[in-house]
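Predicted model, so just to flag it, every value in this text is computed and none were measured.
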2 protein chains.
Amino acid sequence: MAQNEPALLNIDIWTDWSYIEVMASGRPQEFDSNKVIWAAMDTFWSNGFDGTSMQQLLKSTGLSKSSLYQTFGGKQELFIRCLEEYTLAMKEKLLTQLSLSKSGIGFIREVLLSAAEEAKASSIPKGCLIMNTATEFAQSNAAVSRAVNKGIEAFRTVFLTALKKARSAKEIDADADLDQLSSYVVSSMSGIKSMVKGGVDEKAVRSIVDIVMRSLS
Amino acid sequence: MAQNEPALLNIDIWTDWSYIEVMASGRPQEFDSNKVIWAAMDTFWSNGFDGTSMQQLLKSTGLSKSSLYQTFGGKQELFIRCLEEYTLAMKEKLLTQLSLSKSGIGFIREVLLSAAEEAKASSIPKGCLIMNTATEFAQSNAAVSRAVNKGIEAFRTVFLTALKKARSAKEIDADADLDQLSSYVVSSMSGIKSMVKGGVDEKAVRSIVDIVMRSLS
DNA sequence: TTAAATATGGACCGAATGGTCCAATATAGA
DNA sequence: TCTATATTGGACCATTCGGTCCATATTTAA
């Protein structure tokens, strides 16, 4: 892929009727749209967009080809739905985790260290779907770029919230520019994850996290 | 792609005879192997491994299919040659740049800021071939991982040299752990480049660079 | 001039690609 | 029960994929 996008409207409202709850009669859907999206997301997450074939997608979702095309429109449309769902779910999960954590700084450290866990694990590191996609597509496809941007902004928002919490608790400098710092944390997160994908070991990852954390406070 | 590697020795000495200078008679090669590698590298760099087709490769290199297969073995072998050449060339270029620069810290800042240039440019950002590949393949292919690791180590070496120079010039703390810092710089570089690919604007990139630089001294 | 060695272009390969289409099936409401 | 509406599985599509192979062209050394 990584070519220019086709010259058509990419508003999947027109092809994906799952937004509308029942409305008309007929045979009901036999699958859970959300589970399908998560299954597809996991496949894209591990293999990238180009690296994922329709066959893999059909296998992991359990759908038939026509169901997938009818419901989601196509590979790219499904992919973008996955990016959106990923963004939404991650943001929610992280904000919950943040609200449960005592310290804003501690929360950020936890999140960064979760990358180190991937380095320790024997399985192949998946990284972050949003940043993987940024790397794969760069700015070659407008619809994808839009979804990636929203993802990055979501992460930035989460970290900004954490930094504000940290400032309130006087964990960080009172007059630090939190907007800039939040971008820095996203960037650092992305860098660390790519190092893990590159094979850097857990110890090295932890020392990078330490340096990042030191630069916050 | 992104599957497991085939169970065969990947020592391209056996398939690529361009190492041997002439030795036997016969029709001489009509193309410059190095130029071919650079043309292929540029294509892989822009589109990734999966995103690059043989057709594109033949077009960008100007080779015929048989010449390419005869000379390099195949798509993956050529790709790995590109990774190696990229590593070598980048290391050399950066070390030269470093030796010409007055300050180790200044050099690192220059390199990080070069990512900001990509954000400013209207063309699609290519990022770093090594980190792009790390992201695309993760640890799914041993031969590729080996090449990626060598690349990361090369970058680390460059930055380590710069940091030592900075320490000699008392630009940074005398008892900083330069090994750790060099990994941190590579990670930061990678993070910044992925932010650029994700569409973050130049100003934001520059502020991230500032924070990274501040954490060094 | 001849033989050996190499380069080259293109035909050809099977498999897989993303995508379309339709007949059969199943369900809900009238 | 009948009809309208959806879902579903699979046949089918042209195209492209990476890769092999061979006949031909070209060059060097003997």
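Residue B:Ser64 places none of its side-chain N or O atoms closer than 4.0 Å to OP1 or OP2 of C:dT8. The side chain of A:Ser67 contributes an N or O atom lying less than 4.0 Å from OP1 or OP2 of D:dT8.
Residue pairs satisfying the salt bridge (charged side-chain N to carboxylate O under 4.0 Å, His left out) criterion with at least one member in residues 63-72 of chain A, sequence neighbours excluded, are absent. Counting only residues at least two apart or on different chains, no salt bridge (charged side-chain N to carboxylate O under 4.0 Å, His left out) pair has a member in residues 181-195 of chain A.
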Checklist outcome for this item: Heavy-atom contacts, protein to nucleotides 15-21 of chain C, under 4.0 Å, summarised as B (base), S (sugar-phosphate only) or - (none) per nt, yield --SBBBB
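The side chain to side chain donor-acceptor pair (under 3.5 Å) search around B:Ser187 returns none, not counting sequence neighbours. For A:Trp45, the ring pair (Phe, Tyr, Trp, His ring centres under 6.0 Å) partners at least two apart in sequence or on another chain are A:Tyr86. By the ring pair (Phe, Tyr, Trp, His ring centres under 6.0 Å) test, A:Phe159 pairs with no residue at all, sequence neighbours left out.
Rounded to a whole Å, the CG atom of B:Leu68 is 10 Å from the P atom of D:dG19. If you measure from atom CG of B:Leu63 to atom C1' of C:dT6, you get 14 Å, rounded to the nearest angstrom. In this structure, the CG atom of B:Leu58 is 13 Å from the C1' atom of D:dT16, given to the nearest Å. Distance CD (B:Gln70) to P (D:dC22): 14 Å, rounded to an integer number of Å.
Heavy-atom minimum distance, B:Ile124 versus A:Ser140: CD1-CA, 3.8 Å.
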